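First the proteins, then the strands, lettered A, B, ... as listed; each starts at 1. Since the structure is predicted, the reported quantities are computational estimates derived from the model, not experimental observations.
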Protein chains: 2
Amino acid sequence: MKTVKEGEVRRQEILMVARELFVTKGYEQTTVNDILKIVDIAKGTFYYYFNSKEEVLAAIILDIVEEGAKRAEQILKDKSVPLINRIMMAIMAQSPEFEGSEEIRDEMHKVDNAKLEQLYTRTMLKRMTPLLEVAVAEGVAADLFHLDYPRETIESILLLGHMLFDCNIMDWEMTEYPAKIKGFLANMERMLGTRAGELKDFLQMFA
Amino acid sequence: MKTVKEGEVRRQEILMVARELFVTKGYEQTTVNDILKIVDIAKGTFYYYFNSKEEVLAAIILDIVEEGAKRAEQILKDKSVPLINRIMMAIMAQSPEFEGSEEIRDEMHKVDNAKLEQLYTRTMLKRMTPLLEVAVAEGVAADLFHLDYPRETIESILLLGHMLFDCNIMDWEMTEYPAKIKGFLANMERMLGTRAGELKDFLQMFA
DNA sequence: GTCTATACAGAGATAGAC
DNA sequence: GTCTATCTCTGTATAGAC
């Protein structure tokens, strides 16, 4: 049966279904046929809209990163919160939550999804670095931060935060996380060149 | 034509050929049939030795990481060199060189090899962390380093060094590298809690 | 234990008709 | 825009030779 739809509608349908499947079954475990069955289209239609399964992945990741960046942006502009806390919260909030469901995020990283992870890291760094550059510049101007390589430091912090909050690259036990988070915060402080302990109230959340 | 070889010999043959192909053509672009043609065996033989193409990849990466760790170990035990320099050199030397050929390493990262990269990172961290833990403990005992989360800090340094020296995750221009390396060194110093400038002679190499 | 040969299911991707 | 048919590749599973 042939049902014709307007291009953008069809495209969004494919993206929605694919995202749901990638996130629940994993990227590699999801076949193009799985997607076809649910969207109820033929293979040729799929490849009319996307050149490859990977292109679908890239589009989805762009959406996910954009959603995270929007949350981070909101947090960073609330000047009533101390700067260093805003930065930390922005990094945490940027992590994909998928409508608040933690279970789905866990699924995302349980499975073997090297491609998804790598593409996500790359895209996220590109999108988030400029946001944090502004925030760090604010801290430098206010004499809160003291550092010589802001751009490199931001990239490092984002990368480490990603490994910590989003990534399955280290197979840590739940019990190890408090130490990992405290270590991350301590090193973030040192790299930014803040007076030590500036983040103390934050640290107590993980004590 | 049937040539019988002792198991370990055949296994090594497959690994050698696969490594060459993965590195020159990329993991995804290399088919099992490519390997078969060169080793001159049947498909059944390949799957007699390995359960999957990915299992071959894991074996190769284990070898590569082991070679890097051996180089790092050598460097770390030469007590005539200042500790912080040894650590920096070990991190650089650990990076896969494949018999000294930089071209091949470039190939390795040019292609789309998420699985190879991720598995490498994981394996490398597992192997290298204990080595650096010893070195950092040496520094702490000598009152050179001052840090509260040695393990987390080592993981961070290795991860960042990997991103810098081995990884194609950031698409940096050649001209950006000096700043990236200097930034990395500065942050490494800060995380380890050395007196600033301890690495100054090292930094001049990239000035 | 080691190897060949081959057939086959299911994956991603393409070509061309409508 | 959509479809069907077809291609290549991975990986499984044979049956059997030495």
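Under the side-chain contact (heavy atoms from CB on, under 4.5 Å) rule, B/Phe46 has a single partner from B/Val39, B/Val56, B/Asn33, which is B/Val56.
The distance from atom CZ of A/Phe46 to atom C1' of C/dT14 is 13 Å, rounded to the nearest whole Å. The distance from atom CD1 of B/Ile14 to atom C1' of C/dT2 is 11 Å, rounded to the nearest whole Å. For B/Lys43 and C/dA9, the NZ to C1' distance is 12 Å, given to the nearest whole Å. Atom-to-atom, CZ of A/Phe50 to C1' of D/dG1 comes out at 14 Å; the value is rounded to the nearest Å. Rounded to an integer number of Å, the gap from CD of B/Gln29 to C1' of C/dG12 is 13 Å. If you take CG of A/Leu36 and P of C/dA13, they are 12 Å apart, rounded to a whole angstrom. One interatomic measurement links the two molecules: CD of A/Glu28 to C1' of D/dG11, which rounds to 14 Å at whole-angstrom precision. If you take CZ of B/Arg11 and C1' of C/dC3, they are 17 Å apart, rounded to a whole angstrom.
Of the possible donor and acceptor atoms, one in the side chain of B/Arg71 sits under 3.5 Å from a partner among the backbone N and O of B/Ser95.
If you check C/dT4, C/dA13, D/dG11 against the side chain of B/Val32, the one that comes closest is D/dG11. Listed nucleotides D/dT2, C/dT2, C/dG12 differ in distance to B/Tyr49; the shortest reach to its side chain belongs to C/dT2. Comparing D/dT4, D/dG11, C/dG12 by their nearest atom to the side chain of A/Ala42 picks out D/dT4. Of the candidates D/dC3, C/dC3, D/dG11, C/dC3 carries the atom nearest the B/Thr45 side chain, counting heavy atoms from C-beta on.
When side chains are defined from C-beta on, A/Lys180 counts as touching B/Arg151, because their heavy atoms get closer than 4.5 Å.
OP1 or OP2 of D/dT2 has not a single side-chain nitrogen or oxygen of A/Tyr48 nearer than 4.0 Å. Applying the 4.0 Å criterion to OP1 and OP2 of C/dG12, one finds that A/Asn33 has every side-chain N and O outside that range. An OP1 or OP2 oxygen of C/dC3 is reached within less than 4.0 angstrom by a side-chain nitrogen or oxygen of B/Arg10. Dashed line: the shortest gap from a side-chain N or O of A/Tyr47 to OP1 or OP2 of D/dG1 is not under 4.0 Å.
Remark: B/Lys53 qualifies as a cation-pi partner of B/Tyr27 under the 6.0 Å distance and 45° angle criteria applied to the six-membered ring.
With hydrogens and angles left out, the side chain of B/Lys53 and the base of D/dG11 share no donor-acceptor pair within 3.5 Å.
Taking the six-membered ring for Trp and thresholds of 30 and 60 degrees, A/Tyr177 and A/Trp172 have ring planes more than 60 degrees apart, a perpendicular arrangement.
Heavy-atom nearest nucleotides on DNA chain C were determined for A/Gly44 and for A/Thr31, and the one closer to the 5' end corresponds to A/Thr31.
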